[in-house]
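Below: one structure, written as structure tokens.
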Amino acid sequence: MLEQLKEDVYKANMELVKKNLVIYTWGNVSAIDKQTNLVVIKPSGVDYEQMTPDDMVVVDLSGNRVEGTYKPSSDTPTHLELYKKYNNIGSIVHTHSVWSVAFAQAGIDIPAYGTTHADYFYGDIPCTRDLTKEEIEQDYEVNTGKVIIECIKDKNPMEIPAILVKNHGPFSWGTSPANAVYNAVVMETVAEMAYKTQMLNPSAKRAPQFLLDKHYYRKHGENAYYGQD
């Protein structure tokens with residue numbers, strides 16, 4: 001079942017290791033099959049070195065395991081909340097990568113200081129509010145998804161395909177597993193750049209909006225001209 005998607009999700013999970021975004025059993029990648037509304041996700045607590053494509057777990061949007069030997073990632077309910085809310089999200093990545101987690105633990109948005117950031121994210125990468133004690137004690141992972149949705153509000157999630165969950169870490173998403181991982185890698189890089197910018201100049205200002213507009217829309221706008229298309 002969904003053998004190609006399992007392969008894609010497996011490769012995306014392994015790419016996180018190659019890009020130094022995860023260690024041990026940290027992090028996960030999932031993807032949704034739009035025809036069946038089934039989701040493929042990394043198994044919970046299985047070391048990357050031991051995983052195979054066949055170990056990927058298939059669940060429905062209610063979280064029921066449809067296929068797989070292992071239990072799905074403990075973050076599965078968070079992923080499912082996002083898939084149910086946003087039809088244009090095809091894949092989701094969660095890591096505990098160092099620079100992004102630093103911003104999440106500080107409760108600070110990753111500011112759009114320059115054009116590297118603007119090439120991929122149309123504005124600051126936001127950090128959610130704190131979850132309440134009740135939200136943590138009851139349906140923690142579901143409420144993590146809900147607080148992400150609350151933070152995005154009515155914006156198109158593909159314009160800023162990443163977010164920080166306060167005191168937890170980054171989530172990113174994309175049209176495919178490869179694209180979602182790409183966004184996770186870029187997020188981590190711009191987080192490092194932003195931190196170093198703040199260290200060099202604590203008074204640094206965000207780049208002018210017209211410069212951010214130029215760089216974002218030349219890659220993603222209706223009249224985009226970046227690349228070979």
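Numbers here are sequence positions counted from 1.
Between Leu164 and Ile110 the shortest side-chain heavy-atom distance falls below 4.5 Å. Considering only heavy atoms from C-beta on, Asp130 stays 4.5 Å or farther from Lys133 through its side chain. Residues Ile163 and Trp173 are in side-chain contact: their nearest non-hydrogen atoms beyond the backbone lie under 4.5 Å apart. The shortest distance between side-chain heavy atoms of Ile23 and Trp26 falls below 4.5 Å. At a threshold of 4.5 Å between non-hydrogen side-chain atoms, the residues Leu16 and Val181 count as touching. Counting heavy atoms from C-beta outward, Leu2 and Val58 have side chains that approach closer than 4.5 Å. Using a 4.5 Å heavy-atom cutoff, the side chains of Glu150 and Arg129 are in contact. With a 4.5 Å cut-off on side-chain heavy atoms, Met14 and Met51 count as touching.
In this structure, CD1 on Ile148 lies 5.0 Å from CG on Leu82, to the nearest 0.5 angstrom. Note: Ile92 CD1 to Ile32 CD1 = 8.5 Å, rounded to the nearest 0.5 Å. Separation of atoms CD1 (Ile108) and CG (Asp124) is listed at 11.5 Å; rounding is to 0.5 Å. Taking CZ of Arg218 as the reference point, atom CG of Asp213 lies at 13.0 Å (rounded to 0.5 Å). The CG atom of Asp109 sits 6.5 Å away from atom SG of Cys127, with the distance rounded to the nearest 0.5 Å. A distance of 6.0 Å separates CG of Asp33 from CG of Leu5, quoted to the nearest 0.5 Å.
Heavy atoms from other residues, nucleotides or ligands lying under 6.0 Å from NZ of Lys219 number more than 12. Open room surrounds NZ on Lys205; 12 or fewer heavy atoms of other groups in view lie less than 6.0 Å from it. Residue Lys84 qualifies as enclosed at atom NZ: its count of foreign heavy atoms under 6.0 Å is above 12. The neighbour count for Tyr10 OH, taken as heavy atoms of other residues, nucleotides or ligands under 6.0 Å away, is above 12.
The backbone N or O of Met1 lies less than 3.5 Å from a partner atom in the side chain of Glu3, making a donor-acceptor pair. One N or O on the side chain of Asn13 and one on the backbone of Val29 form a donor-acceptor pair closer than 3.5 Å. No donor-acceptor pair under 3.5 Å is formed between the side chain of Thr115 and the backbone N or O of Ala118. In this structure, the side chain of His96 does not engage the main chain of Val22 through any donor-acceptor pair within 3.5 Å. Side-chain N or O atoms of Thr76 include one that pairs as donor or acceptor with a backbone N or O of Ser73 at under 3.5 Å. The closest donor-acceptor contact from the side chain of Thr128 to the backbone of Lys166 lies under 3.5 Å.
The hydrophobic cluster containing Tyr216 does not contain Leu211, counting ILVMFWY residues as joined when their side-chain heavy atoms lie under 4.5 angstrom apart, directly or transitively. When hydrophobic clusters are built by joining Ile, Leu, Val, Met, Phe, Trp and Tyr residues whose side-chain heavy atoms come closer than 4.5 Å, directly or via intermediates, Val17 is grouped together with Met56. Following chains of ILVMFWY side-chain contacts shorter than 4.5 Å, one cannot reach Val147 starting from Val142, and the two form parts of different hydrophobic clusters. Note on Tyr86: it clusters hydrophobically with Val165, by side-chain heavy-atom contacts below 4.5 Å among ILVMFWY residues. Residues Met193 and Val98 are members of separate hydrophobic clusters, defined by side-chain heavy-atom contacts under 4.5 angstrom among Ile, Leu, Val, Met, Phe, Trp and Tyr.
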task: I would like to know whether Tyr120 and Tyr182 meet side-chain hydrogen bond (donor to acceptor under 3.5 Å, both in side chains); could you show each step before the answer?
output: CA-CA 10 Å; Tyr120 301 94; Tyr182 189 99; 3.3 Å; yes

Item to check | Pair Asn183-Ser172, side-chain hydrogen bond (donor to acceptor under 3.5 Å, both in side chains): steps then yes or no | outcome: CA-CA 6 Å; Asn183 290 333; Ser172 62; over 6 Å; no

How far apart are the C-alpha atoms of Val66 and Val59, what are their side-chain angles, what is the distance that settles it, and do they pass the side-chain contact (heavy atoms from CB on, under 4.5 Å) test? CA-CA 5 Å; Val66 175; Val59 299; 5.6 Å; no

(message) As a quick check of understanding, evaluate side-chain hydrogen bond (donor to acceptor under 3.5 Å, both in side chains) for Glu141 and Thr78, giving each step before the final call.
(response) CA-CA 5 Å; Glu141 290 82 9; Thr78 305; over 6 Å; no

Could you go through the side-chain hydrogen bond (donor to acceptor under 3.5 Å, both in side chains) check for Asp60 and Asn64 one step at a time? CA-CA 5 Å; Asp60 63 22; Asn64 301 305; 3.1 Å; yes

Requested in this report: I would like to know whether Asn223 and Tyr217 meet side-chain contact (heavy atoms from CB on, under 4.5 Å); could you show each step before the answer?
Outcome: CA-CA 8 Å; Asn223 298 312; Tyr217 286 114; over 6 Å; no

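For Lys6 and Asp54, the salt-bridge test fails: no basic side-chain N is under 4.0 Å from an acidic carboxylate O. Ion pair Lys11/Glu15 not flagged as a salt bridge, since none of the NZ, NE, NH1 or NH2 atoms sits closer than 4.0 Å to an Asp/Glu carboxylate oxygen. With respect to Lys146 and Glu135, no salt bridge is recorded, no charged nitrogen being found less than 4.0 Å from a carboxylate O.
Scanning all heavy atoms of the two residues, the minimum distance from Pro170 to Thr95 falls at CD-O, 3.2 Å. The shortest non-hydrogen separation linking Pro111 to Ala194 is CD-CB, 4.1 Å. Minimum interatomic distance between Tyr70 and Pro43 (heavy atoms only, all atoms of both residues): CB-CB, 3.5 Å. The minimum heavy-atom distance linking Leu212 with Ala112 is given by the pair CD1-CB, 3.9 Å. Taking all atoms of both residues into account, the shortest heavy-atom contact from Ser97 to Glu188 is OG-OE1, 2.8 Å. Closest heavy-atom contact between Ile125 and Met187: CG2-CE, 3.7 Å.
Using cut-offs of 30° and 60° for the angle between ring planes, the His168 and Phe171 rings count as perpendicular.
Just one residue in the list Lys42, His79, His94 forms a side chain to side chain donor-acceptor pair (under 3.5 Å) with Ser30, and that residue is His79. The only member of Tyr113, Trp99, Phe121, Tyr195 that meets side-chain contact (heavy atoms from CB on, under 4.5 Å) when paired with Val190 is Phe121.
Under the 6.0 Å distance and 45° angle rule, Lys155 does not count as a cation-pi partner of Tyr122.
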